[in-house]
Participant: 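Input: one structure, supplied below.
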Protein chains: 2
Amino acid sequence: MGRNCRFTAAVHVCAVLAHHPGEDLTSETVAASLNTNPVVVRRLLAALGAAGLVRSKRGSAGGYRLARAPGAIDLAAIALAVDDDDGPAFAPNPPSPVCIVGRFIQPVLAEFIERAETARRAELARVTLADVMEKLRAEA
Amino acid sequence: MGRNCRFTAAVHVCAVLAHHPGEDLTSETVAASLNTNPVVVRRLLAALGAAGLVRSKRGSAGGYRLARAPGAIDLAAIALAVDDDDGPAFAPNPPSPVCIVGRFIQPVLAEFIERAETARRAELARVTLADVMEKLRAEA
DNA sequence: CTCCTTCGTAACAGACTAGGTTACCAATTC
DNA sequence: GAATTGGTAACCTAGTCTGTTACGAAGGAG
């Protein structure tokens, strides 16, 4: 499965919550829209909660709701909450330090990759959950 | 392993070839710098060759060399050659079409994600293999 | 106060991915 | 023709992720 898998699922979860403002939705309700298991949704919501994007309430009549207005939640925040960003990934084996290439390729590449990832995040930050909801309603 | 793994390895391979201009390097030589198996390197080089970035020669005294000057190879081309880009990845299970969110979230998100990936690729396209080699030599 | 609902999380099974390895054929040079 | 090297298939292994079950913690309903 691709790397955006958790991210797209997390946005889906947030969109479901945004579609029912002021209500507490159970993980089972959200899981029905995702067509998956409630525990999978709870795992996503735990990450979103740790990032301060959603609030949860336990017990009877409990559930999840957005912690902020949809216009104050951008896609970069969701991606940051869900995709544990460990920086650029290199091969499991460290390169041979004998050659100049092997010795310095990783930090050099890491800088260029980080620059590209920053550009990607900036583009995601331009889109809020409210924008997503607007596009969703335009499609329907 | 992260998604950039094949990409970083491919850039490493190209950098090794660029460090020995006019020579044909065997997969075993390149693999020594990567500290991995020759077959893994050959798989990477096969993808790079299909994209027209490297040329191979079989038989005795055969090997690989860059097909263009390092200044004419940018990181976006390497990423495109190696990372089979299947577009945004969604959850294995299709969302429930009962709700508006589940029915239209995927195409809406795909557009926003594609915009972000385009920004990332554009940043990678600004860096050529010659830039990488220059930075490498500056570090040494 | 007790029970029921729901979140929070650990633990485990299954599918899938990717790297590593071996093996063998094709092509090229000497 | 023999040796070398790329090209590629087949398989093994390790790691990751989803899905599932299970159980404890928290909070409301009666």
Side-chain angles (χ1 to χ4, degrees), chain A residues 1-10 12-13 17 23-32 34-51 53-67 82-86 89-96, chain B residues 1-10 12-13 16-17 23-32 34-51 53-67 81-86 89-96:
Chain A
M1 240 61 66
R3 187 184 173 200
N4 291 110
C5 188
R6 280 173 62 87
F7 168 59
T8 54
H12 189 162
V13 167
L17 296 184
E23 294 180 44
D24 285 305
L25 301 185
T26 70
S27 60
E28 193 173 353
T29 301
V30 179
L34 278 260
N35 197 17
T36 184
N37 195 286
V39 178
V40 176
V41 172
R42 269 180 267 172
R43 281 201 278 245
L44 286 173
L45 281 160
L48 293 169
L53 301 181
V54 303
R55 294 166 50 88
S56 65
K57 205 165 60 175
R58 294 214 239 192
S60 219
Y64 301 89
R65 69 174 62 191
L66 293 179
V82 167
D83 293 339
D84 17 68
D85 218 329
D86 301 332
F90 294 102
N93 301 339
S96 164
Chain B
M1 239 60 66
R3 188 183 173 199
N4 292 112
C5 189
R6 278 172 64 86
F7 168 59
T8 54
H12 189 163
V13 167
V16 171
L17 296 184
E23 294 179 44
D24 284 305
L25 302 185
T26 70
S27 60
E28 193 174 352
T29 302
V30 179
L34 279 256
N35 198 19
T36 184
N37 195 286
V39 178
V40 177
V41 173
R42 270 181 266 172
R43 282 203 277 244
L44 285 174
L45 281 160
L48 293 170
L53 301 181
V54 305
R55 294 165 48 91
S56 65
K57 205 165 59 174
R58 295 214 236 191
S60 221
Y64 299 89
R65 68 174 62 190
L66 293 179
V82 167
D83 292 341
D84 16 70
D85 217 330
D86 301 333
F90 294 102
N93 302 339
S96 163

Participant: Can you give me the closest heavy-atom contact between A/Val82 and A/Ala10, atom names plus distance?
Facilitator: CG2-CB, 3.5 Å

Participant: Working to the nearest 0.5 Å, report the span between CZ of A/Arg42 and OG1 of A/Thr26.
Facilitator: 9.0 Å

Participant: Backbone N or O of B/Ser96 within a donor-acceptor pair of the A/Asn35 side chain at under 3.5 Å?
Facilitator: no

Participant: By the definition side-chain contact (heavy atoms from CB on, under 4.5 Å), identify the one residue from B/Leu25, B/Val54, B/Leu53 that meets it with B/Leu45.
Facilitator: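 In the set B/Leu25, B/Val54, B/Leu53, the residue that makes a side-chain contact (heavy atoms from CB on, under 4.5 Å) with B/Leu45 is B/Val54.
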
Participant: Mind running a 4.0 Å heavy-atom check of residues 37-46 of chain A against DNA chain C and sending the residues that fall below it, in number order?
Facilitator: A/Val39, A/Arg42, A/Arg43

Participant: Starting at atom CG of B/Asn93, determine the distance to atom C1' of D/dG19, rounded to an integer number of angstrom.
Facilitator: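 Distance, rounded to whole Å: 9 Å.
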
Participant: Between P on C/dT21 and CG on B/Leu34, what's the gap in Å once rounded to a whole number?
Facilitator: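 From B/Leu34 CG to C/dT21 P: 13 Å.
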
Participant: Nearest-Å distance, CG (B/Asp83) to C1' (C/dT17)?
Facilitator: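 These atoms are roughly 14 Å apart.
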
Participant: Among residues 55-62 of chain B, which contact DNA chain C at a heavy-atom distance under 4.0 Å?
Facilitator: B/Arg58, B/Gly59, B/Ser60

Participant: Drop me the distance from A/Asn93's CG to B/Thr36's OG1, to the nearest 0.5 angstrom.
Facilitator: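 Between atom CG of A/Asn93 and atom OG1 of B/Thr36 there are 5.5 Å.
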
Participant: Provide, to the nearest angstrom, the distance between the CG atom belonging to A/Asp24 and the P atom belonging to D/dA26.
Facilitator: 19 Å

Participant: Between the axis at one end of the helix from C/dC1-D/dG30 to C/dC30-D/dG1 and the axis at the other (five pairs apiece), what's the angle to 10 degrees?
Facilitator: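 About 10° separates the two local helix axes.
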
Participant: Is the number of heavy atoms from other residues, nucleotides or ligands under 6.0 Å of B/Glu28 CD greater than 12?
Facilitator: no

Participant: Is there a side-chain polar atom (N or O) of B/Thr36 under 4.0 Å from OP1 or OP2 of C/dG20?
Facilitator: yes

Participant: Mind calculating the distance between CZ (A/Arg6) and C1' (D/dT18) to the nearest angstrom?
Facilitator: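 Going from A/Arg6 (CZ) to D/dT18 (C1'), I get 10 Å.
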
Participant: Measuring from B/His12:NE2 to B/Leu17:CG, what's the distance to the nearest 0.5 Å?
Facilitator: 10.0 Å

